[in-house]
Protein chains: 2
Amino acid sequence: MERTSRQRSLILEIVRNSRNHPTAEAVYAEARKLMPNISLGTVYRNLRQLTTAGSIRAVSFGSEPDRFDGMLDAHEHFVCLTCGTVYDIQPTLGHPHLPGKTVTNYRLDYFGSCEACTNK
Amino acid sequence: MERTSRQRSLILEIVRNSRNHPTAEAVYAEARKLMPNISLGTVYRNLRQLTTAGSIRAVSFGSEPDRFDGMLDAHEHFVCLTCGTVYDIQPTLGHPHLPGKTVTNYRLDYFGSCEACTNK
DNA sequence: CTTATTGCAAAGGCTTTGCAGGATT
DNA sequence: AATCCTGCAAAGCCTTTGCAATAAG
């Protein structure tokens, strides 16, 4: 089964404490500050493993590199098209129903301009 | 400026007539039936060009290869997690408002099981 | 004629993987 | 002791790009 490792714990902590929805590369950069020998492959392996295990979530917007999210409660995203920040949003949609289909979950992303960028 | 070419018109037609939200590879396979010498690079170039021009749209689910969509009216998607089919859905969400943010558009994907797959 | 577009192949970005050594239970 | 995990480097997948030749306006 699964074993814990210093690397895996560190990666999990980084994703959890991050509000940036970081990419693998960003997690790697952060991890190297505390563990300079950690390899990029290990970061990818663990992000994948943690995602499969359900400890974090993978989100991707358009065709940019995958981002990771330590926030597990149901939530939506708002992407500012000016500064690129991804904000977590409280669920605005109830439990969805579609005729003839069984909906188990959904994903809702809003796009636009955030407060800071609008006031410029 | 832009010039039309037999390749570009064919690619546009394929995406428009397709209900599968095809990948570049799928468009390429289809295009080769009518134009056996067309190259994959040309398919990618034109899909990108048509997307930028607003003639088609790029959609991507998770980290699979990009898919393309010739349906330009506002709509949402339902992805069947069993058979992988992507269905177009009439908009269920009105014009969204979020406090402090300017929302210009949104993307809503439902996930679950389609009618055919549920009845198995 | 001018220059956007093509086919081809090579290169690029992001991610996964094989391996031998090291770490965890 | 058994085996999961790591670092490293090579490979993989999807996509883009440089080039000389071709085709569109």
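First the proteins, then the strands, lettered A, B, ... as listed; each starts at 1.
- With F78(A) as the aromatic partner, R107(B) does not meet the cation-pi criteria of under 6.0 angstrom to the ring centre and within 45 degrees of the ring axis.
- In this structure, Y28(B) places its OH atom 16 Å from P of dT16(D), rounding to the nearest Å.
- Counting to the nearest Å, the C1' atom of dT15(D) and the CD atom of E25(B) are 11 Å from each other.
- Rounded to whole Å, the distance from CZ on R48(A) to C1' on dC14(C) is 12 Å.
- Residues R8(B) and E2(B) meet the side-chain proximity criterion, which asks for heavy atoms closer than 4.5 Å.
- Distance from the side chain of Y44(B) is smallest for dT15(D) among the nucleotides dT15(D), dC5(D), dG7(C).
- Proximity note for E2(B) (side chain, C-beta onward) versus dT15(C), dT5(C), dT16(D): the nearest is dT5(C).
- Side-chain N/O atoms of T4(B) include one lying less than 4.0 angstrom from OP1 or OP2 on dG25(D).
- Atom CG of N46(A) is separated from atom P of dT15(C) by 15 Å (rounded to the nearest Å).
- Ring geometry for H21(B) against H77(B) counts as perpendicular: the plane angle is over 60°, on a 0 to 90° scale with 30° as the lower cut.
- Taking only side-chain nitrogens and oxygens, N37(B) never comes nearer than 4.0 Å to OP1 or OP2 of dC8(C).
- At the heavy-atom level, T23(A) lies nowhere under 4.0 Å from the strands shown.
- Looking at R45(A), its side chain comes within 3.5 Å of the base of dG18(C) through a donor and an acceptor atom.
- Figure legend: cation-pi geometry between R45(B) and Y28(B) absent, as NZ or CZ is not positioned both under 6.0 Å from the six-membered ring centre and within 45° of its axis.
- For L12(B) and dT5(C), the CG to P distance is 14 Å, given to the nearest whole Å.
- Ring geometry, Y106(B) versus Y110(A): the interplanar angle falls from 30° to 60°, so the pair is classed tilted.
- Phosphate proximity of dG7(D) to Q7(A): present, with a side-chain N or O under 4.0 Å from OP1 or OP2.
- Between R8(B) and L40(A), the residue whose closest nucleotide on DNA chain C is further toward the 5' end is R8(B).
- In this structure, L47(B) atom CG and dC14(D) atom P are separated by 15 Å, rounded to whole Å.
- Considering only side-chain atoms of R3(B), the nucleotide from dA23(D), dT17(C), dC5(D) that sits closest is dA23(D).
- One can place CD1 of I11(B) at 12 Å from P of dT5(C), the figure rounded to the nearest angstrom.
- In this structure, the nucleotide among dC14(C), dC5(D), dT15(D) sitting nearest to the side chain of S5(A) is dC5(D).
- With DNA chain D read from its 5' end, the first of the two nearest nucleotides for G41(B) and R6(B) is the one closest to G41(B).
- Taking atom CD on E64(A) and atom C1' on dC14(D), their separation rounds to 16 Å, with Å as the unit.
- Checked by atom type, the side-chain pair S60(B)/S63(A) shows no donor-acceptor distance below 3.5 Å.
- Both the sub-6.0 Å distance and the 45° axial angle are satisfied by K101(A) relative to the ring of Y87(B).
- The residue from D69(A), N20(A), T51(A), L47(A) that alone fulfils the side-chain contact (heavy atoms from CB on, under 4.5 Å) condition with V15(A) is L47(A).
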Could you summarise the pairing of DNA chain D as dot-bracket text, marking Watson-Crick and G-U pairs under 3.5 Å with ( ) or [ ] inside the strand and | across strands? |||||||||||||||||||||||||

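- In this structure, S63(A) reaches neither bases nor backbone, as no heavy-atom distance under 4.0 Å exists between it and the strands shown.
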